[in-house]
Amino acid sequence: MKQHLKKMAGLAVLACMVATPQSAAAKSATVQKIEDRGTMLCSGHNGSYFGFVEVNDKNEWKGLDIDLCRALTTAILGDPDKAQIVPLSWAQRFPALQSGDVDVIIKATGWTMGRDTELGLQFSLPYFFGGTQLMAHGELGISDAKDLEGGTVCVEAGTTIERIVADYLKTINVQHEMVSYEKAAELRSAYLANRCDAFAGWGPNLAVLRATEIENPESHKILNDQLSSEPIAAAMRQGDEDFVDVVNWMLAALLLAEEHGVTKANVEEVAATPPNPTVARLLGVTPGIGERLGLRETWAREMIAATGNFAEIYDRNLGKDSPYKLDRGLNNLWSHGGVLYAPILD
Amino acid sequence: MSAPKSDWLLKPLKQRLFRSPSDTLLTLLLGALLLYGLFVTLNWAIFGAVWSTEDVAACREAKGACWSVIDARHRLILFGLYPYELHWRSTLACAAIIATVVFSCLPFFWTAKRLTSLWILGFGTYYALMEGSLIGLQQVTTDQWGGLSLTLFLFSSVVLIGMPMGLGLALARRSKLPVISRGVSVLIDFIRSLPLLTTLFTAAVVVPILLPSWLQGDKIWRVILAFSLFFACYQAEVFRGGFQAVPKGQMEAGRALGLRPWQILSLVLLPQVFRHALPGTINMVVMTFKETAIVIIIGLFDVLASANAAFGTGEWAPYYMEVYAFVGLIYWTFIFSLGQYGAYLERRMAVVSH
């Protein structure tokens, strides 16, 4: 039966190759362009964005977004080193995508309606959720915002964060005093000078601050409450749905690999004796994952061998193996209390 | 008879600094403040500083600067994203550009033929070394160029292309044909009324959307051309000031002597125009050097962008002061040298004019 199906699939591919290019099996025009060029053009940064896009001591890019680009490059071209990172500023990223300077934007970019519609973009599955969080002095011994009763919270004046914190603390009925500061640096020094019990900011930024600019990181606690959350996703040009599929399944494969314990180290071992049908399909032992995207059957296996699964990428750049020690929190798998999930690989 | 000997030093000092009790008080106060500032700076930069990458652990406790960050990341600041093992090429290319600029400052090279061949040689060497494929080395595309070597390249290309362009525009603006002079003055005013950022953003980001790909060229060239045009429009006005400073009578005298128009221009007008325009020109050049940092917005990895990347990683994030101090020193070195060269030129021309 299996053999029969394989033959059928082969025939279908053949038929498609004979037919007009438009109807060729789900081969994305962008992927075709990337293959012809031999390199994948990804977005970098004009400098560095902690944890997501950085440059190491050997003048090479690293970071969560860079690793995702390298994973995508491996999926399409089979070699992570074929990723070409184009430095872009924040303002430049969308025009650069439209003009074809980059193939995809993976650059801590939030999914908003304006970008999705007016700017003519398409977004992938969110791969990161970052939102407003609170950091408090460790000696208070608290781990949730509800324990801030009667305390002082510092925020940056005039930002959305100010409103979010006020709304949240009102909702959970915590009496507090809010002190706002004009500049981020003032805010930081006010907090460090014990002017306030806690202060609010974008989660990853708080973690970076705690890891880098505070002398004793252990004496500060990022509270568990997630006050707001912004979905971070890859952005692509409108009009190439097949490329969106490729990017989505690249992310899905990384999450599935994590869920099933497939890592950079054991991927070949697991591929030799897949523990269940999903893993067999994921690693291309049972065909389908490649052909349906117009890629190689082993793309996911090669990708995991090159960059590791999602947990490995996260831990290396933001999590426990990085200087930032950012908890997974929302950015964990659904099965571990997070909101990341992969579509079903059938 | 030893008093007169030390008089040349003590007397003016006494007159200028300690003339009255209030003067003395002010002198002592300001002197103490200056000394204190110097002490704090030196203490931070030298005495309390940690110097090497290996000692980075000591940085957390150190009272002074943590120069380890420069030790570890100076290659990033100097060469940006250029491949690590090919940095010798970037170094040589940098040297070629600096040499070209230094040589073009020497009076020996001040003939059109020598200057042109020097520039072609200098820029050819830079490009061949940086890009590589022309001389059989591994190719490095322009999006990987960066750091100080990119800043120097941008700066010198903009000045070298913009300077003759500015002179051309200034001459065109003096043209007797109203079509040309009006057209050029509209162009100059148009470009000058746009911010540099807009001009560069258009060249880098908007042009590729509008033009077909075979007309676009590399981003870096589009940026250099747009920047040069911007420079030229300002420089044209500096030159125009120089032209206006030359009395009309000299032109008429030249004509009376039977000189051809281009002879009047090159023998009578231009030498004086250059002299009059010199302070303004040096000003423009210095500003351009600093303004190259604006290309960070269009994603070119210049020295400031790579400095930003140098402290933009977990382990080096607390030491941004050191990185900025280092980059500041680089800028200061170049701009101070330019200023000194300008002063030398003015002295030299003063000798000629009298």
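The chains referred to below are lettered A, B, ... by the order of the sequence lines, with proteins before strands, and numbering in each begins at 1.
Put simply, CD on A:E60 and CG on B:L81 are 10.0 Å apart, with the number rounded to the nearest 0.5 Å. With values rounded to the nearest 0.5 angstrom, A:H45 atom NE2 is found 8.0 Å from B:I296 atom CD1.
Side chain of A:N59 to main chain of B:P83: no donor-acceptor pair is present (N/O by atom type, distance under 3.5 Å, no hydrogens or angles).
Using non-hydrogen atoms only and a strict 4.5 Å limit, the part of residues 78-91 of chain A facing chain B consists of A:Q84, A:I85, A:P87, A:L88, A:S89, A:A91. Within residues 143-152 of chain B, the residues having any heavy atom closer than 4.5 Å to a heavy atom of chain A are B:D143, listed by residue number.
Per-residue counts of heavy-atom pairs under 4.5 Å with chain A were compared for B:V207, B:I297, B:L304; the largest is that of B:I297. Note: A:G47 leads A:G47, A:P323, A:S99 in heavy-atom pairs under 4.5 Å with chain B.
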Walk me through whether B:Y84 and A:N56 qualify under side-chain contact (heavy atoms from CB on, under 4.5 Å).
CA-CA 11 Å; B:Y84 196 75; A:N56 71 10; over 6 Å; no

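Residue B:E85 places its CD atom among more than 12 non-hydrogen atoms of other residues, nucleotides or ligands, all under 6.0 Å distant. When the shell of 6.0 Å around CZ of A:R316 is examined, it contains more than 12 heavy atoms from other residues, nucleotides or ligands.
Across all non-hydrogen atoms, the minimal contact from B:A309 to A:S48 is CA-CB, 3.7 Å. The two residues B:R73 and A:D57 make their nearest non-hydrogen contact at NH1-OD1, 2.7 Å. For A:W61 against B:F301, the heavy-atom pair with the smallest separation is CH2-CE1, 3.6 Å.
Within the 4.5 angstrom heavy-atom criterion, atoms from both the backbone and the side chain of B:T313 approach chain A. Contact annotation for B:F201: only side-chain heavy atoms (C-beta onward) come within less than 4.5 Å of a heavy atom of chain A.
The side-chain heavy atoms of B:N308 and A:N46, taken from C-beta on, include no pair separated by under 4.5 Å.
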